[in-house]
Every structure is written in C-alpha cells, then in structure tokens.
Amino acid sequence: MGTGNNKARRKNTKITTGKQDGATRVVLYGPEGIGKTTLAGRFPQPLFMDIEGGTSKMDVARFSVVNYADAINAVYELQRDTQGYKTLVIDTADWMERLIAVKVCASKAKDNLIDIGYGNGAKLVTDEWGKFLDIISGMQRANGMHVVFCAHSWSKKVRLPGETEAYDHYELKMNSTSGP
C-alpha cells in the first residue's frame with residue numbers, strides 16, 4: 001500500500017486526547033479465595049450475577065442464574081432499567097463459560113463439546129462468548145453501567161526456550177480461545 005493511501009486514511013480519522021468518561025469493563029482473576037468477589041464489591045453500587053453462589057456470605061445485592069438464557073435476559077433487563085445499580089459483577093466468568101457450553105451442546109443435541117467435533121465445540125463456545133460480550137457492550141452503551149468479570153485462574157508450568165527452570169504462569173481458568 002502506498003503512502004498516499006495512508007495519508008488519506010489519517011485525514012478521515014478523528015484523533016482525541018484526554019480522559020473520557022464512560023463505562024469500564026474489568027476482569028479480576030486469581031486463585032479461589034484470594035478476594036476477587038470482595039474487591040468487585042468495592043466498585044460503585046454493584047449488583048452481582050451470582051452464577052456460582054460465591055456471594056452467600058457477603059452483604060451484597062445479587063441475583064442467580066441457572067442457565068445462559070437467564071444471564072442474557074438479565075443483561076437485557078439491566079439495559080432497560082439499572083434499578084440504580086452502577087456495576088454488574090459477573091461472578092464468575094469460568095462458570096458463565098460452563099453455561100455457554102451447556103447451551104451450545106443442547107443446540108447441537110450433544111452431551112459434551114467433544115461430541116460436536118474436534119475443535120468445533122470450543123469454536124462455538126468462543127462465538128457465543130462474542131455474542132454475550134456484544135450484548136454486554138450494548139447494555140454499557142445504553143446505560144453506562146460498569147461490568148466486572150470475576151474469574152478463577154489456574155497455574156501452568158512454563159519453560160522458556162533455552163532455560164532449564166520452569167516457572168508458574170497464571171491464566172484464566174477457561175478455554176484459551178474464549179472469555180471476557
């Protein structure tokens with residue numbers, strides 16, 4: 001591509017600077033019991049989508065979902081009316097991924113993702129995550145609500161090329177191609 005085309009594109013690009021107000025989206029992840037849910041509770045006026053039941057010992061506003069359709073419906077309800085809440089906390093993203101996997105399996109009349117075909121089940125979960133994040137983004141554009149995803153992590157041993165010692169690497173406890 002020539003230089004002229006790049007200059008033409010830059011002329012049409014509106015560049016802004018400085019702080020911009022708006023809804024934030026955050027992922028808090030770590031091992032169980034480290035305080036992710038407690039930290040999420042410190043965000044402005046939080047409402048917990050308590051998928052795994054982790055808020056039972058906390059004095060917070062919460063609702064439970066038992067399937068992916070419940071989660072989608074809840075986000076659409078919050079898009080119409082935040083009921084005064086300013087932050088939606090999804091606790092946890094890895095349990096949400098399980099709900100998505102159940103939905104994907106049901107849509108294909110399969111018992112598990114592997115039965116869908118090598119890699120195809122995981123791809124469908126990733127695609128559904130994308131749709132869910134689009135719905136979250138729509139809610140945020142409509143009402144400015146912040147979203148916090150809490151997620152568990154797992155540790156994997158990693159060895160760099162040429163190194164003899166391995167180290168622990170923490171990552172989301174989710175399919176590597178999906179998630180918030």
Side-chain angles (χ1 to χ4, degrees), residues 16 18-108 112-113 121-155 170-180:
T16 62
K19 182 180 175 183
Q20 295 180 330
D21 291 329
T24 59
R25 190 180 310 172
V26 177
V27 178
L28 303 174
Y29 73 99
E32 291 181 20
I34 201 167
K36 300 174 294 295
T37 303
T38 301
L39 179 59
R42 308 222 3 128
F43 278 75
Q45 296 169 314
L47 173 63
F48 284 79
M49 181 186 294
D50 193 3
I51 302 169
E52 69 169 338
T55 66
S56 61
K57 304 280 190 235
M58 297 176 65
D59 184 16
V60 295
R62 74 184 64 77
F63 63 93
S64 297
V65 297
V66 295
N67 58 47
Y68 183 58
D70 287 349
I72 297 285
N73 290 335
V75 174
Y76 281 133
E77 284 180 36
L78 288 170
Q79 182 171 330
R80 287 187 296 278
D81 181 8
T82 65
Q83 300 175 46
Y85 297 102
K86 293 185 178 177
T87 306
L88 172 62
V89 180
I90 298 173
D91 195 15
T92 64
D94 40 307
W95 281 52
M96 175 62 80
E97 184 176 60
R98 291 178 189 177
L99 297 181
I100 292 171
V102 167
K103 184 256 187 208
V104 166
C105 288
S107 73
K108 298 295 181 184
N112 60 60
L113 294 174
K123 182 185 179 326
L124 292 171
V125 169
T126 300
D127 293 346
E128 199 61 46
W129 257 116
K131 292 174 188 175
F132 182 69
L133 293 176
D134 287 345
I135 293 167
I136 291 285
S137 294
M139 179 199 69
Q140 289 187 288
R141 281 190 304 276
N143 63 26
M145 196 170 204
H146 305 292
V147 177
V148 176
F149 287 91
C150 293
H152 296 106
S153 68
W154 53 20
S155 173
Y170 290 89
E171 59 187 43
L172 290 174
K173 190 176 183 177
M174 300 175 69
N175 180 328
S176 62
T177 62
S178 66

Subject >> Point-to-point distance, once rounded to the nearest 0.5 Å, from SG of Cys150 to CG of Asp50 >> reply: 10.0 Å
Subject >> Test item: Tyr29 and His152 side chains (from C-beta on) under 4.5 Å apart, heavy atoms >> reply: no
**OP:** Start with the C-alpha distance between Val26 and His146, add both sets of side-chain angles, then the distance that settles side-chain contact (heavy atoms from CB on, under 4.5 Å), and finish with yes or no.
**Re:** CA-CA 8 Å; Val26 177; His146 305 292; over 6 Å; no
Subject >> Results of side-chain contact (heavy atoms from CB on, under 4.5 Å) for Ile72 - residues two or more places apart only >> reply: Tyr68, Tyr76, Phe132, Ile135
**OP:** Look up atom CZ in Phe149 and atom CG in Asp94, then write down how far apart they are to the nearest 0.5 Å.
**Re:** 12.0 Å
**OP:** Determine, stepwise, if the pair Val102 / Asn67 fulfils side-chain contact (heavy atoms from CB on, under 4.5 Å).
**Re:** CA-CA 8 Å; Val102 167; Asn67 58 47; over 6 Å; no
Original post:
Do you know which two heavy atoms are closest between Ala23 and Gln140, and how far apart they sit?
Top reply: CB-NE2, 3.5 Å
Original post:
So, Asp70 side chain and Ala74 main chain: donor-acceptor pair closer than 3.5 Å or not?
Top reply: no
Original post:
Partners of Ser137 by side-chain contact (heavy atoms from CB on, under 4.5 Å), sequence neighbours excluded?
Top reply: Arg25, Arg141
Subject >> side-chain contact (heavy atoms from CB on, under 4.5 Å) between Met139 and Val147, worked out >> reply: CA-CA 10 Å; Met139 179 199 69; Val147 177; 3.6 Å; yes
Original post:
Looking at Ala40 and Pro46, what are the two nearest heavy atoms and their distance?
Top reply: O-CB, 4.1 Å
Original post:
If every non-hydrogen atom of Ala142 is compared with every non-hydrogen atom of Gln79, which pair is closest and at what distance?
Top reply: CB-CG, 3.6 Å
Subject >> Closest non-hydrogen atom pair between Tyr85 and Ala61, with its separation >> reply: OH-CB, 3.3 Å
Original post:
Do the side chain of Asp91 and the main chain of Phe48 share a donor and acceptor less than 3.5 angstrom apart?
Top reply: no
Original post:
How far apart are the closest heavy atoms of Leu28 and Val148, and which atoms are they?
Top reply: CD1-CG1, 3.8 Å
Subject >> Rounded distance [0.5 Å steps], CZ in Arg62 versus OG1 in Thr37 >> reply: 11.0 Å
Subject >> Pairwise distance CD1(Ile51) to CH2(Trp95) - rounded to 0.5 angstrom >> reply: 9.5 Å
Original post:
Would Leu47 and Leu78 count as a side-chain contact (heavy atoms from CB on, under 4.5 Å) if you check the C-alpha gap in whole Å, the side-chain angles of each, and the deciding distance to 0.1 Å?
Top reply: CA-CA 10 Å; Leu47 173 63; Leu78 288 170; 3.8 Å; yes
Original post:
So how far is it from Cys105 SG to Asn112 CG, rounded to the nearest 0.5 Å?
Top reply: 6.0 Å
Original post:
Roughly how far, to the nearest 0.5 Å, is NZ of Lys108 from CG of Leu124?
Top reply: 5.5 Å
**OP:** Please name the pair of heavy atoms, one in Val104 and one in Gly121, separated by the smallest distance, quoted to 0.1 Å.
**Re:** CG1-O, 4.4 Å
Original post:
Checking side-chain contact (heavy atoms from CB on, under 4.5 Å) against Met145, which of Thr87, Leu88, Thr24 comes through?
Top reply: Leu88
Original post:
Restricting to pairs with a member in residues 124-133, which pass salt bridge (Lys or Arg N to Asp or Glu O under 4.0 Å), not counting sequence neighbours?
Top reply: Lys103-Glu128, Lys123-Asp127, Glu128-Lys131
